[in-house]
2 protein chains.
Amino acid sequence: MNKRKQPARGSGKCPVTFALDIFGDKWSLIILRDIVFKGKRHYGEFLNSAEKISTNILASRLAKLESEAVIVKTRDTQNLSRFVYSLADKGRDLLPLLLDMIEWSVKYDPQPDASGPVISGAPDRLLERLHEDRDALIAEIITGMEERNQ
Amino acid sequence: MNKRKQPARGSGKCPVTFALDIFGDKWSLIILRDIVFKGKRHYGEFLNSAEKISTNILASRLAKLESEAVIVKTRDTQNLSRFVYSLADKGRDLLPLLLDMIEWSVKYDPQPDASGPVISGAPDRLLERLHEDRDALIAEIITGMEERNQ
DNA sequence: CTGTATCCTTAGGGATACTG
DNA sequence: CAGTATCCCTAAGGATACAG
């Protein structure tokens with residue numbers, strides 16, 4: 001009897017567990033960060049992120065995130081040999097969480113990168129605006145992201 | 001030359017990476033959920049969560065979260081043979097993130113648990129209130145948690 | 001350059017025994 | 001019961017070769 005095999009903890013259970021099963025791994029949120037803040041859309045761009053994800057893991061995460069409908073994979077009309085990865089609604093709705101995460105890290109990282117925006121690629125005054133007009137800020141980031149996808 | 005050994009990606013870098021290095025594992029947020037919403041404070045209570053964390057992993061996560069100052073470990077004055085685990089400020093400040101996570105899951109889980117609050121132990125109308133008066137709701141949850149710790 | 005496939009290592013973590 | 005220690009296995013993921 002194989003009692004080792006654990007079922008996925010996901011759907012129908014606790015919302016925290018549900019979320020963790022989808023993006024609670026070492027790389028998924030990094031990829032989303034790259035899409036949202038760095039404007040990345042292509043395989044090679046993700047490969048080049050500072051954290052150096054390896055190609056097999058990248059492929060597997062993109063596939064999983066696509067299968068979970070967090071991102072969408074479409075053929076690049078400018079270059080048929082590659083795809084464009086962009087956020088689906090389900091991925092866009094992770095932006096508040098991503099912002100909370102950034103805010104928390106900025107508050108507690110003892111060695112912050114002092115210069116420039118709190119996360120490279122993000123609008124200036126990100127955290128201030130997060131409190132002043134949270135929803136507007138989120139809308140603006142999403143709009144900016146979509147404009148790049150034209 | 002051992003090029004395999006990866007350094008921790010943490011401090012001084014991207015805020016997303018910083019956060020993931022502290023609580024971006026399979027269990028940390030589950031433990032925080034148990035503290036915040038289920039009122040758990042003792043080792044055995046964490047062991048009994050639905051996700052069945054094993055005892056060695058629990059010990060290792062509690063130690064890491066304590067070393068990162070996310071939680072605080074104090075001796076239980078009622079029973080000197082055990083400890084009480086509670087949130088430090090750094091842990092309390094993860095509550096917004098936890099709430100965003102729950103909101104996201106409730107929106108996208110195809111098989112929600114229909115009855116009762118969105119997460120067992122949480123106040124009713126959690127999500128509505130999250131929009132109406134986010135800060136007040138967060139304050140209330142924290143107050144409720146601290147009262148249990150008296 | 002965009003990905004896929006293969007091989008291999010290791011950290012995460014499960015089962016369980018054990019100590020106070 | 002609270003927590004530690006040990007043993008072992010699996011799955012995440014790193015290096016690299018390869019195909020289109």
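Just so it is clear: chains get the letters A, B, ... in the order the sequence lines come, proteins before strands, and each one is counted from 1.
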Would you mind reading off the distance between [X] atom [atom1] and [N] atom [atom2], rounded to a whole angstrom?
{"X": "B:R75", "N": "D:dC1", "atom1": "CZ", "atom2": "P", "value": "19 Å"}
{"X": "A:D25", "N": "C:dG12", "atom1": "CG", "atom2": "C1'", "value": "14 Å"}
{"X": "B:L80", "N": "C:dG20", "atom1": "CG", "atom2": "P", "value": "18 Å"}
{"X": "B:L58", "N": "D:dA2", "atom1": "CG", "atom2": "P", "value": "11 Å"}
{"X": "B:L62", "N": "D:dT4", "atom1": "CG", "atom2": "C1'", "value": "13 Å"}
{"X": "B:E66", "N": "D:dA2", "atom1": "CD", "atom2": "P", "value": "17 Å"}
{"X": "B:I57", "N": "D:dT6", "atom1": "CD1", "atom2": "C1'", "value": "13 Å"}
{"X": "B:K52", "N": "C:dT16", "atom1": "NZ", "atom2": "P", "value": "14 Å"}

Could you go step by step and tell me if B:C14 and A:I119 meet the side-chain contact (heavy atoms from CB on, under 4.5 Å) rule? CA-CA 6 Å; B:C14 163; A:I119 181 166; 4.1 Å; yes
Using OP1 and OP2 only, check whether a side-chain N or O of B:R61 sits under 4.0 Å from C:dG13. yes
Between A:K26 and D:dG14, does any side-chain N or O lie under 4.0 Å from OP1 or OP2? yes
Under-3.5 Å N/O pairs linking protein and nucleotides 1-5 of chain C:
{"residue": "C:dT2", "atom": "OP1", "partner": "A:R82", "partner atom": "NH1", "Å": "3.2"}
{"residue": "C:dG3", "atom": "OP1", "partner": "A:F83", "partner atom": "N", "Å": "3.4"}
{"residue": "C:dT4", "atom": "O4", "partner": "A:T55", "partner atom": "OG1", "Å": "3.1"}

Look only at the side chain of B:E103 and the backbone of B:L99, and say whether a donor-acceptor pair between them is shorter than 3.5 Å. no
Under the 3.5 angstrom rule, does the side chain of B:K38 hit a backbone N or O of B:S120 as a donor-acceptor pair? yes
Evaluate B:K26 against B:E51 for salt bridge (charged side-chain N to carboxylate O under 4.0 Å, His left out), listing each step before the verdict. CA-CA 11 Å; B:K26 196 173 168 183; B:E51 290 83 4; over 6 Å; no
Would you work out how much the helix from C:dC1-D:dG20 to C:dG20-D:dC1 bends between its ends, with each end axis defined by five base pairs, to 10 degrees? 20°
Carboxylate-amine/guanidinium contact A:R134 A:D100, below 4.0 Å: yes
Give a yes or no on whether a salt bridge exists between A:R92 and A:D89, defined as a side-chain N under 4.0 angstrom from a carboxylate O. yes
May I have the step-by-step check of side-chain contact (heavy atoms from CB on, under 4.5 Å) for A:R33 and A:S49, ending in yes or no? CA-CA 10 Å; A:R33 175 206 64 185; A:S49 70; 4.1 Å; yes
Would you please name every residue forming a side-chain contact (heavy atoms from CB on, under 4.5 Å) with B:T55, sequence neighbours left out? B:Y43, B:L47
Would you compute the distance between atom CG of A:D109 and atom CZ of B:F18 and round it to the nearest 0.5 angstrom? 4.0 Å
